[in-house]
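Please read the structure below before turning to the comments.
Predicted model only: the values in this text are computed from it and were never measured.
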2 protein chains.
Amino acid sequence: MTDSAAWREEVKAVLRHEGKRSGGAREAVVDALAGHDCCVSAQEIADELRGGESRVGLASVYRALELLHGEGLVQRVDLGGGGYRYEPILPGGEHHHHVVCDRCGEVTAFEDPTLERAIERMERRLRRVVSAHDVVLHADCRRCAARA
Amino acid sequence: MTDSAAWREEVKAVLRHEGKRSGGAREAVVDALAGHDCCVSAQEIADELRGGESRVGLASVYRALELLHGEGLVQRVDLGGGGYRYEPILPGGEHHHHVVCDRCGEVTAFEDPTLERAIERMERRLRRVVSAHDVVLHADCRRCAARA
DNA sequence: GTTCCTGCAAAATTTTTGCATCAGT
DNA sequence: ACTGATGCAAAAATTTTGCAGGAAC
């Protein structure tokens, strides 16, 4: 089973355990999230769902994302640009960070175990329960760098 | 001379070099930024300035911040909550990162040279020019953790 | 049948832009 | 005087909330 399929199962299990009903919009949002490698915005999810046959309201997308975030199932990522992006917190525990191009908004992901360890050490030193962390690098993407 | 005083001087020099005029609002914003240890929001700056005798418009605060950010003199920080915060990029080069309480929005700062080195190593590995980086930890502050 | 979910529309929040006026050079 | 800077107000963009109708259990 792929990580995203496992994640989808976990989401369903958690929501059922919480007594949440499984309406169409919420499942559609979960499926859309599971189908992406990296973070997506609420608007992108809504557009994707509206592209299909469903009639999902933007508000329902936000409500689903907020619920999933509250349950610790999705991470809300701030990349600048005045909006949020969301991505699944996969059960394997691996996660990545982001490089954003400030010119065109392109987002790419990277992983770095050394950086991860440094952050974990820092979190222990804080003596506070850290629920999540973000690292965002700002750099021109290759296309914008070439054009400049 | 303190770091923030040096920063204020650098800002004035850069703006003069760019042929920017020195109007009241811009200087007021620079002074307000220099008077803070950590990041502040545009609204906070405007409130602070309006508390005094001046009549500074919120739009002017945003325009000043945008200009300073474009010149690489202030860092725009995303801490979630649907807004930006801004802080001076001090000439000493030292900078800190942030811990945000997702319940009450409290922001505290921390420094970690080890983490800094890990990020620099990562940036070199990317082979792209990284103009800035942010690390944001999400953790309940002590008050909210005690209340929960 | 009851309760939660959903979609639409309106509101709230944050940031940007237009424009007439004022100030710095 | 000329040009850029400023304040106010309106607009734009994003997220949240209210509410009536519908679906899940």
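- Annotation: side chain to side chain donor-acceptor pair (under 3.5 Å) contacts of Glu44(B) (sequence neighbours excluded): Arg85(B).
- Under the rule for a side chain to side chain donor-acceptor pair (under 3.5 Å), the partners of His96(A) that lie at least two apart in sequence or sit in another chain are Glu87(A), His98(A).
- The side chain to side chain contact (heavy atoms under 4.5 Å, CB included) test applied to Arg121(A) returns Ala118(A), Arg124(A), Thr114(B), not counting sequence neighbours.
- In the helix from dG1(C)-dC25(D) to dT25(C)-dA1(D), the end axes, each obtained as the rotation axis mapping the C1' atoms of four pairs onto the next four within a five-pair block, lie 30° apart to the nearest 10 degrees.
- Using a 4.5 Å heavy-atom threshold, the side chains of Cys39(A) and Val107(A) count as touching.
- We find the CG-OG distance between Asp140(A) and Ser131(B) to be 6.5 Å, quoted to the nearest 0.5 Å.
- For the pair Arg55(A) CZ and dA23(D) P, the computed distance is 15 Å after rounding to whole Å.
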Identify every side-chain donor-acceptor pair in residues 20-36 of chain B under 3.5 Å, counting partners at least two apart or on other chains, and give the distances.
residue  : atom : partner  : partner atom : Å
Ser22(B) : OG   : Glu27(B) : OE2          : 2.6
Arg26(B) : NH2  : Arg21(B) : O            : 2.9
Asp31(B) : OD1  : Arg8(B)  : NH1          : 3.1
His36(B) : NE2  : Glu48(B) : OE1          : 2.8

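- Other cluster members for Met122(A): Val99(A), Phe110(A), Leu115(A), Ile119(A), Leu126(A), Val130(A), Val135(A), Leu137(A), Val99(B), Phe110(B), Leu115(B), Ile119(B), Met122(B), Leu126(B), Val130(B), Val135(B), Leu137(B), joined by side-chain heavy-atom distances under 4.5 Å among Ile, Leu, Val, Met, Phe, Trp and Tyr.
- Two residues are said to be in side-chain contact when any heavy atoms from C-beta on lie closer than 4.5 Å; Cys104(B) and Cys141(B) meet this criterion.
- Remark: Glu10(B) pairs with no residue by the side chain to side chain donor-acceptor pair (under 3.5 Å) rule, at least two apart or across chains.
- Under the 4.5 Å side-chain criterion, counting only non-hydrogen atoms from C-beta, Val136(A) is in contact with His138(A).
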Between side-chain atoms of residues 60-80 of chain B and protein atoms elsewhere (two or more places apart, or another chain), which donor-acceptor pairs fall under 3.5 Å?
residue  : atom : partner   : partner atom : Å
Gln75(B) : NE2  : Asp134(B) : OD1          : 3.0
Asp78(B) : OD2  : Gly80(A)  : N            : 3.0

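- Of all nucleotides in DNA chain C, those with any atom nearer than 4.0 Å to a heavy atom of chain A start and finish, going 5' to 3', at dT3(C) to dA9(C).
- For His133(A), the ring-ring contact (aromatic ring centres under 6.0 Å, His included) partners are His95(A), His97(A), not counting sequence neighbours.
- Near DNA chain D, defined here as any heavy-atom distance below 4.0 Å, the residues from residues 13-46 of chain A are Arg21(A), listed numerically.
- Near DNA chain D, meaning a heavy atom under 4.0 Å away, the residues from residues 56-67 of chain B are Val56(B), Gly57(B), Ala59(B), Ser60(B), Arg63(B).
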